[in-house]
Amino acid sequence: MRLSQLVGNRYKERPAEATLDSHALLLRGGYVRQVANGIYSLLPPGLRVARKIEGIIREEMNRIGGQEVLMPVVLPRELWDESGRYDSVGTELARFPDRTGHDMLLAMTHEEAVVNLCRGETSSYAQLPFMVYQIQTKFRDELRSRGGLIRVREFTMKDAYSFHASQDDLRAYYDVCMNAYRRIFARVGLPEVAVVESDPGMMGGLAAHEFILLTDVGEDTIAVCDTCSYRANFEVAKSRPEAYPEEPKPLEKVHTPGKKTIEEVAAFLGIEPRQTVKAVFYDADNQGKLVMVLIRGDLDVNEAKIARHIQREPAPAEEIRIVAAGAVPGYATAIGLDRTTCTILADHSVAESDNLVCGANEVDYHMRNFNLERDLPGVTPMDVAQVRDGDACPVCEGRLWLRRGIEVGNIFQLGTKYTEAMAMTYTDENGETCIPIMGCYGIGVGRLISAVIEIHHDDYGPKWPVSIAPWQVHVNALNLAASGVKDVAETLYTQLTDAGVETLYDDRDCRAGFQFADADLLGAPFRVIVSERNLKKDQLEWKRRDTGDTGAMPLENAAHTIAGWVKEVLENPQSRREESAQQTTA
RNA sequence: CGGGGCGUAGCGCAGUCCGGUUUAGCGCACCUGCUUUGGGAGCAGGGGGUCGCCGGUUCGAAUCCGGCCGCCCCGACCA
């Protein structure tokens, strides 16, 4: 490609709308342009990177037996009625009538579509297991998109779906897929992506993991153990609650006039917040029971955990309902509440402490010496607490720390949620009708582009890994008028291209600094500079964008030499990186 | 949907408070010519704008008032 013909301008200045470095560089380098909030066009360099990433994903999906398919973006509502999601998903699902008034939707994920496709093609256990995948546009009308390509409304996603005859088979394939994901992220230049336990969320299902690139600009929060390999999304992260055992003392009512909050009560009684019980109320559903959550006073409730227990989004309960259930807001206790109208959930932290202060269900009174096991028999402690920085790791003696990250992929063991709802069946060895067990596996392509830039860039532009660089080699011809420069550069460009090297040739008659700045923005890992100065010595100059290493090389056979370098790094990026590092330190 | 910020040429901005010398300006980018040629060159000339949209106030609106739209950030939310 000749740079003089490349579509897309590059900017010297950082666009005002970009807050993330990756977003700013994507705009400055002419990779993407925003069309509307969370909706982008890709210019040639951006598309080339996307295609490279997609190619790597394809190879790894094919390697684990995946078969590529392509399903529509527009689906009829009937498919989503079958799963129930047409009604259960909120406004992020774009719904619209077609010409005849038929309700249609833009797919935000393709479970319904893939089950619809595969149920007609699967009849025997002998066909299982299999995995199909696609690289397709999704649309999610996010409440708020942000951060360039990090969180958008329209995006390209690789989504894969596997079908199995047994849970064990799914679990085994899930691990295979996890390894394929690790290879994908390593190959695109993100070997440090962390595998994290996550919340199956609206997907439903048994187990789920996210692939998180730990970085401060991420929007997910992850609990990471400083000692062992425990990593979990904040929504599911557990910590080991501290135990504060004491000899149980009898319940005792105390006067606490006007003291309603944990802080007020603790201060008034001269105790620590951790010596109290906090009561939080949620509506279980519009008609159903009230949910009362008990947790140690210094901790907070993790509502994602509550959601899993009550199987719906928890909404803070209205005061009227709390009172109707017999509790007194500000002075609430679970003792004596009618458990047929009120579900009581108690966090482990409450069980691990004795002689806590709780409400007395009477205005201006609390109770001392609450002991869960004694005072609320039958209430089984569970984990509903938010992890805090410095909490004890649930699996080792280490500490948990909350870090930010970008979710670049996720995998779910879905089970039979969709196959059952949509009546996908096959016949097993015994002639019985069975329902396949599903897994699904997603990777966001555009988000990966941003993530790679976040990790690999400097003030001047991205430093693309060779595997996904829009061009592998950037040829600069300095001063086309100088003797020999143009001829040599043109020949080099032709030879490199003929050798299969993806080459961007800056054939513009402009100053060196101008060319170098554009080269930095376009980020090709290898740069070759043709100048009069070096030609006098029958040499070319080279520079590595990622390591900053520079050197001279003989003009003779230069294209062949460079092609060899590119091939070498493509085949073994790690060794080359170490080699470069050694050169740098030497 | 709540809170905050912004909307003037492809990009970055000034001008808006306090209406009128502003034919609406500056830098980058772009076009022409000459001089330059190793980290975003210099000089000279040039093109490009319904000042987000609609309405109102006024002799006169980028500027004041009302409504709407869009974009960015924070929050709620998120296979």
A/Glu112: salt bridge (charged side-chain N to carboxylate O under 4.0 Å, His left out) partners, not counting sequence neighbours: A/Arg85
With the sugar-phosphate defined as primed atoms, P, OP1 and OP2, and the base as all remaining atoms, what B/S/- string results for nucleotides 44-54 of chain B, 5' to 3', for protein heavy atoms under 4.0 Å? -----------
Grab the N/O contacts between the protein and nucleotides 1-4 of chain B below 3.5 Å, and write none if there aren't any.
none

Could you tell me how far apart A/Ile212 (CD1) and B/C78 (C1') are, to the nearest whole angstrom? 13 Å
Suppose we screen for side chain to side chain donor-acceptor pair (under 3.5 Å). Which residues come up paired with A/Asn9, at least two apart in sequence or across chains? none
Less than 3.5 Å apart, which donor and acceptor atoms pair up between the side chains of residues 36-46 of chain A and the rest of the protein, not counting sequence neighbours?
unit_1, atom_1, unit_2, atom_2, d
A/Asn37, OD1, A/Ser145, OG, 2.6
A/Tyr40, OH, A/His23, NE2, 3.3
A/Tyr40, OH, A/Gln34, NE2, 3.4

Just to verify, what does A/Tyr86 make a side chain to side chain donor-acceptor pair (under 3.5 Å) with, not counting sequence neighbours? none
Ring pair (Phe, Tyr, Trp, His ring centres under 6.0 Å) partners for A/His474, two or more places apart: none
Under 3.5 Å, which protein N or O atoms sit close to an N or O of nucleotides 68-70 of chain B? Give each pair with its distance.
none

Return the polar atom pairs (N/O with N/O) between nucleotides 26-31 of chain B and the protein under 3.5 Å, or none.
unit_1, atom_1, unit_2, atom_2, d
B/G27, N2, A/Glu13, OE1, 2.8

Check nucleotides 33-37 of chain B against the protein and report each pair of N or O atoms closer than 3.5 Å, with its distance, or say if there are none.
unit_1, atom_1, unit_2, atom_2, d
B/U36, O2, A/Arg511, NH1, 2.9
B/U37, O2', A/Asn479, ND2, 3.3

Looking at residues at least two apart in the chain, or sitting in another chain, which of them share a side chain to side chain donor-acceptor pair (under 3.5 Å) with A/Arg144? none
Residues in ring pair (Phe, Tyr, Trp, His ring centres under 6.0 Å) contact with A/Tyr161, at least two apart in sequence or another chain: none
